[in-house]
Colleague: 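Take a look at the following structure, please.
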Amino acid sequence: MKLFHLLCCLLPLATQAQVDTTQRPVYHFTPAKNWINDPNGLIYINGQYHLYYQYNPYDTKWGHMSWGHAVSSDLVHWKHLPVAIPEVEKPDTTTWIFSGSAVLDKSNTSGFGKNAIVAIYTADQPKQQKESQFIAYSNDGGMSYQQYAGNPVVDLHKKDFRDPNVIWLEKQQHWLMTVALPGEKKVQFYKSTDLKHWTLLSEFGNQGDTRKIWECPSLTPINVDGDPKKTKWLLMVSSGNQDAETGLQYFTGDFDGKEFKNDHDAAHQQFVDFGPTFYAAIPYNNLPGGKKTMVGWLMPSNQPAYPWTGSMSVPRDLALKTTPQGVRLFQQPSGVIKLPAHPFEKQDLVINDQPFVLEQFKNNTNWIDVTFAGGTAASYGIKLPQAEISCNGEELVIAWKDGKKTLTVPKGALRLQVLQDKSSVEVFVNGGAQVLTFLVYPAKEDHEVSLFAKQGNVKVKSLKVWEPK
């Protein structure tokens, strides 16, 4: 994806200066050094979660796009590995390895070998002003890749045509590619039986939010309310949030193997995350038990940290649930993540004008799960370093040093899962019916976290706080 012009404007010169690296997140992925953006090629194989990602091996700024690589067995602790697919420099052509996906070719449909891992990605060639889709294959468990000699496999001779996301359709017995035409604000669907030869099926676009370009699409079948007889297809596109900032939108609908039909009229808009930093998220392939889990990039904007730039979100489990408004996307931190066995815990706590300070938590690496249930307070919530989450009736106001958002929530009990990890804060509202992510950069000594009530009291039905390591 191409956000480097924007990012070069947003990132200050401070990114080039050595600063306090204690701001490095603990349970969110960051590279050991240098620049990262989009997650790529997310795939689970032999007990390991592979995370490939857009990477500059040489600098903390965007450039030299290659696929970095890390693996984890628990989605928290990651082993950094050598660059999996490096940029290619030739006298007449530079090929940057832009975003894409990876699949496990169990039946050797490609001829690259049984259980080969095949990466499908965008080759961006700036000298030719062209983007096309390439494939590369791995016979060593995803550690290294060989380029397919017949590349490109899809080429429209366009400057902007990118981010292929490929899944296997068991019923149709073929591969399905969803890929973006950014400036045209649409996606295309292609099919293939061998990952080498692709046929255009249909297009979908110019619906929902069309204020910004469309990138990093994915199409995922999900059972509504967990019922295998009620399947809907989740189409996610990186474009913008409700305020036309960095973000993703989503559509739910039906897919017959050829065309996607939106559940809503063309003007209807739905967003994945209401903050200004969550972007380029895609789901994992080949997860056990049909799970649907995605990872997104937290766009760094004004990050002062060094020697790395950028981080990933906490992996999020995806669900579609029936609500009074229709079928909606719900997100939760991945159930794979194991939190420490003995959290700080309180039940039936009443908070008045005196804040309840979490005094023992001083590292800004907190995982808070709190349910508020009734009281007389005009407003109540959670105070974090450089941020405050405050509920007033049906308004939930989330404010931080550089921004403020207001969400509408139902009356009654309010559950907040707040994942605070040094510089990132992810807020899951009422079981993930809404999610909002933002970045802050508090000093090490700025670590106080408290629950508060103003002009009255609030009952805390349950409170659990972990400090992941």
Colleague: Could you work out, with salt bridge (Lys or Arg N to Asp or Glu O under 4.0 Å) as the rule, every residue matching Lys404, not counting sequence neighbours?
Modeller: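 Lys404 satisfies salt bridge (Lys or Arg N to Asp or Glu O under 4.0 Å) with no other residue.
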
Colleague: Hey, does the side chain of Asn430 reach the backbone of Ala433 with a donor-acceptor pair shorter than 3.5 angstrom?
Modeller: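 The answer is no, because no donor-acceptor pair under 3.5 Å joins these two groups.
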
Colleague: May I ask you to decide if the ring planes of Phe29 and His80 are parallel, tilted or perpendicular, using 30° and 60° as cut-offs?
Modeller: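 Judged by the thresholds at 30° and 60°, the geometry between Phe29 and His80 is tilted.
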
Colleague: Using the benzene-type ring in the case of Trp, are the ring centres of Trp62 and Trp96 under 6.0 Å apart?
Modeller: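 Between Trp62 and Trp96, the centre distance is under 6.0 Å.
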
Colleague: Is any side-chain heavy atom of Ser423 less than 4.5 Å from a side-chain heavy atom of Pro25?
Modeller: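 Yes - at least one pair of side-chain heavy atoms lies under 4.5 Å apart.
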
Colleague: Determine whether a donor-acceptor pair (N or O, by modelled atom type, separation under 3.5 Å) exists between the side chain of Trp67 and the backbone of Phe98.
Modeller: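 Here the side-chain-to-backbone pair exists.
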
Colleague: Please round to the nearest 0.5 Å and tell me the distance separating atom OG1 of Thr178 and atom CG of Leu219.
Modeller: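 These two atoms lie 4.5 Å from each other.
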
Colleague: Go through the structure and list residues passing ring-ring contact (aromatic ring centres under 6.0 Å, His included) with Tyr380, not counting sequence neighbours.
Modeller: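 ring-ring contact (aromatic ring centres under 6.0 Å, His included) check on Tyr380 returns Phe372.
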
Colleague: Who are the ring-ring contact (aromatic ring centres under 6.0 Å, His included) partners of Phe452, not counting sequence neighbours?
Modeller: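 Counting only residues at least two positions away or on another chain, Phe452 forms no ring-ring contact (aromatic ring centres under 6.0 Å, His included).
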
Colleague: Mind running side chain to side chain contact (heavy atoms under 4.5 Å, CB included) on Glu426 and Ser313 for me, showing each step along the way?
Modeller: CA-CA 8 Å; Glu426 294 178 79; Ser313 72; 3.7 Å; yes

Colleague: Can you list every pair that meets side-chain hydrogen bond (donor to acceptor under 3.5 Å, both in side chains) and has a residue in residues 326-336, with sequence neighbours left out?
Modeller: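 Qualifying pairs: Gln270-Arg328, Arg316-Gln331, Gln332-Gln417.
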
Colleague: Which residues pass the salt bridge (Lys or Arg N to Asp or Glu O under 4.0 Å) test with Glu203, sequence neighbours left out?
Modeller: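 Checked Glu203 against salt bridge (Lys or Arg N to Asp or Glu O under 4.0 Å); matches are Lys186.
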
Colleague: Please confirm whether the backbone N or O of Gly275 pairs with a side-chain atom of Asn241, one donor and one acceptor, at under 3.5 Å?
Modeller: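 Present.
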
Colleague: Before you tell me yes or no, could you show the steps for Asp256 and Lys261 under salt bridge (Lys or Arg N to Asp or Glu O under 4.0 Å), namely the whole-Å CA-CA distance, both residues' side-chain angles and the distance that decides it to 0.1 Å?
Modeller: CA-CA 9 Å; Asp256 61 4; Lys261 293 186 178 179; 5.6 Å; no

Colleague: State whether the side chain of Asp38 and the backbone N or O of Asn40 hold a donor-acceptor pair below 3.5 Å, judged by distance alone.
Modeller: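 A pair under 3.5 Å: no.
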
Colleague: Consider side-chain hydrogen bond (donor to acceptor under 3.5 Å, both in side chains). Of Lys212, Gln249, Arg211, which one does Ser239 pass it with?
Modeller: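 Among Lys212, Gln249, Arg211, the one that satisfies the side-chain hydrogen bond (donor to acceptor under 3.5 Å, both in side chains) with Ser239 is Gln249.
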
Colleague: Taking C-beta and beyond as the side chain, do Leu234 and Leu318 meet within less than 4.5 Å on heavy atoms?
Modeller: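 Yes, at least one pair of side-chain atoms sits under 4.5 Å.
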
Colleague: Taking all heavy atoms of Ala32 and all of Pro307, pick out the closest pair and write down the distance.
Modeller: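 The pair with the smallest heavy-atom distance is O-CG, 4.1 Å.
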
Colleague: Can you check whether Lys232 reaches Ile222 side chain to side chain, under 4.5 Å on heavy atoms?
Modeller: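 The answer is no; the side chains never approach within 4.5 Å.
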
Colleague: Would you indicate whether the side-chain heavy atoms of Leu287 and Thr293 approach each other to under 4.5 Å?
Modeller: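 SC-SC contact between Thr293 and Leu287 confirmed.
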
Colleague: Does Thr277 use its side chain to pair, donor to acceptor, with the backbone of Met299 at less than 3.5 Å?
Modeller: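 At least one qualifying donor-acceptor pair exists.
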
Colleague: Once the angle between the rings of Trp175 and Trp168 is folded into 0 to 90°, is it parallel (under 30°), tilted (30 to 60°) or perpendicular (over 60°)?
Modeller: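 The arrangement is perpendicular - the two ring planes meet at more than 60°.
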
Colleague: Could you please spell out the steps behind the side-chain hydrogen bond (donor to acceptor under 3.5 Å, both in side chains) verdict for Asp74 and Ser72?
Modeller: CA-CA 6 Å; Asp74 62 6; Ser72 173; 3.0 Å; yes

Colleague: Please determine whether a side-chain nitrogen of the Lys or Arg among Lys292 and Asp317 lies less than 4.0 Å from a carboxylate oxygen of the Asp or Glu.
Modeller: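 Answer for the salt bridge query: no.
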
Colleague: Between Ser238 (side chain only) and Ala280 (backbone N and O only), is there a donor and an acceptor less than 3.5 Å apart?
Modeller: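 Yes: the side chain of Ser238 pairs with the backbone of Ala280.
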
Colleague: Using modelled atom types only, decide if a donor and an acceptor are shared between the side chain of Thr122 and the backbone of Asp163 within a distance under 3.5 Å.
Modeller: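 Yes; judged by distance alone, with no hydrogens or angles, the pair exists.
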
Colleague: What pairs of residues pass the side-chain hydrogen bond (donor to acceptor under 3.5 Å, both in side chains) test when at least one of them lies in residues 381-394, not counting sequence neighbours?
Modeller: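 Matches after skipping sequence neighbours: none remain.
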
Colleague: I'd like to know whether the aromatic ring centres of Tyr27 and Trp367 sit less than 6.0 Å apart in this structure.
Modeller: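 For Tyr27 and Trp367, the ring centres are under 6.0 Å apart.
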
Colleague: When you compare the side chains of Asn34 and Thr60, does any donor N or O come within less than 3.5 Å of an acceptor on the partner?
Modeller: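 Per modelled atom types, Asn34 and Thr60 side chains form no pair under 3.5 Å.
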
Colleague: Does the side chain of Val418 reach to within under 4.5 Å of the side chain of Ile389, using non-hydrogen atoms?
Modeller: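 They are in side-chain contact.
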
Colleague: Residues two or more places apart in sequence or in another chain: which of them pass salt bridge (Lys or Arg N to Asp or Glu O under 4.0 Å) with Asp421?
Modeller: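 For Asp421, no residue satisfies salt bridge (Lys or Arg N to Asp or Glu O under 4.0 Å) once neighbours in sequence are set aside.
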
Colleague: Nearest 0.5 Å please: distance from the NZ atom of Lys405 over to the CG atom of Asp273.
Modeller: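 Result: 10.5 Å between the selected atoms.
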
Colleague: Tell me, do Val425 and Thr437 make a side-chain contact under 4.5 Å, heavy atoms counted?
Modeller: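 Sidechains of Thr437 and Val425: no contact.
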
Colleague: For Lys291, does the NZ atom sit with more than 12 other heavy atoms under 6.0 Å from it, leaving out its own atoms?
Modeller: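 Counting other residues, nucleotides and ligands, NZ of Lys291 stays at 12 neighbours or fewer.
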
Colleague: Any ring-ring contact (aromatic ring centres under 6.0 Å, His included) involving residues 401-422? Give me the pairs, sequence neighbours left out, ordered by first then second residue.
Modeller: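 Of all non-adjacent pairs touching residues 401-422, none passes ring-ring contact (aromatic ring centres under 6.0 Å, His included).
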
Colleague: With rounding to the nearest 0.5 Å, note down the distance linking OG1 in Thr210 to CD in Glu184.
Modeller: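 If I round to the nearest 0.5 Å, the distance is 13.5 Å.
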
Colleague: Can any side-chain N or O of Ser450 pair as donor or acceptor with the backbone N or O of Val357 at less than 3.5 Å?
Modeller: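 Answer holds: no.
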
Colleague: Would you please name every residue forming a ring-ring contact (aromatic ring centres under 6.0 Å, His included) with Phe278, sequence neighbours left out?
Modeller: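 By the ring-ring contact (aromatic ring centres under 6.0 Å, His included) rule, Phe278 matches no residue at all.
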
Colleague: Is the ring pair Phe134/Tyr121 parallel, tilted or perpendicular, if the boundaries are 30 and 60 degrees?
Modeller: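 Plane angle between 30° and 60°, so tilted.
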
Colleague: With under 30° as parallel and over 60° as perpendicular, where do the rings of Phe260 and Phe189 fit, or are they tilted in between?
Modeller: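 Aromatic pair Phe260/Phe189 classed tilted.
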
Colleague: Report yes if the side chains of Trp308 and Pro300 come closer than 4.5 Å at any heavy-atom pair, otherwise no.
Modeller: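 No, side chains not in contact.
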
Colleague: May I ask you to decide whether Arg415 forms a salt bridge with Asp369, counting only side-chain N to carboxylate O separations under 4.0 Å?
Modeller: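 Answer for the salt bridge query: yes.
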
Colleague: Who are the ring-ring contact (aromatic ring centres under 6.0 Å, His included) partners of Tyr250, not counting sequence neighbours?
Modeller: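 Result, ring-ring contact (aromatic ring centres under 6.0 Å, His included) vs Tyr250: none returned.
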
Colleague: Between atom OG of Ser99 and atom CG of Asn37, what is the distance when rounded to the nearest 0.5 Å?
Modeller: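 Rounded to the nearest 0.5 Å, the OG-CG separation comes out at 6.5 Å.
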
Colleague: In the structure I gave you, are the side-chain heavy atoms of Leu195 and Val166 within less than 4.5 Å of one another anywhere?
Modeller: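 Leu195 vs Val166: side chains touch.
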
Colleague: Are the side chain of Asp225 and the backbone of Asp227 linked by a donor-acceptor contact shorter than 3.5 Å?
Modeller: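 Absent.
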
Colleague: Do Lys321 and Phe330 form a cation-pi contact, if we require the NZ or CZ to be under 6.0 Å from the six-membered ring centre and within 45 degrees of the ring's axis?
Modeller: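 Geometry flag: set, cation within 6.0 Å and 45°.
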
Colleague: Quick one: does Asn56's side chain have a donor or acceptor within less than 3.5 Å of a partner on Lys61's backbone?
Modeller: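 Side chain of Asn56 to backbone of Lys61: a pair is present.
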
Colleague: Please identify each residue that fulfils salt bridge (Lys or Arg N to Asp or Glu O under 4.0 Å) with Asp446, with sequence neighbours left out.
Modeller: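 Here no residue qualifies.
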
Colleague: Can I get a per-line list of side-chain donor-acceptor pairs under 3.5 Å for residues 44-53, giving both atom names and the distance, sequence neighbours left out?
Modeller:
from, atom 1, to, atom 2, distance (Å)
His50, ND1, His69, NE2, 3.0
Tyr52, OH, Gly142, O, 2.7
Tyr52, OH, Tyr145, OH, 2.9

Colleague: With rounding to the nearest 0.5 Å, note down the distance linking CG in Leu169 to CG in Leu176.
Modeller: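 These two atoms lie 5.0 Å from each other.
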
Colleague: I'd like to know whether the aromatic ring centres of Trp233 and Phe255 sit less than 6.0 Å apart in this structure.
Modeller: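 Ring centres of Phe255 and Trp233 closer than 6.0 Å.
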
Colleague: Give me the atom names and distance for the closest heavy-atom approach of Asn364 to His447.
Modeller: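 Where Asn364 meets His447 most closely, the heavy atoms are OD1-CA, 3.4 Å.
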
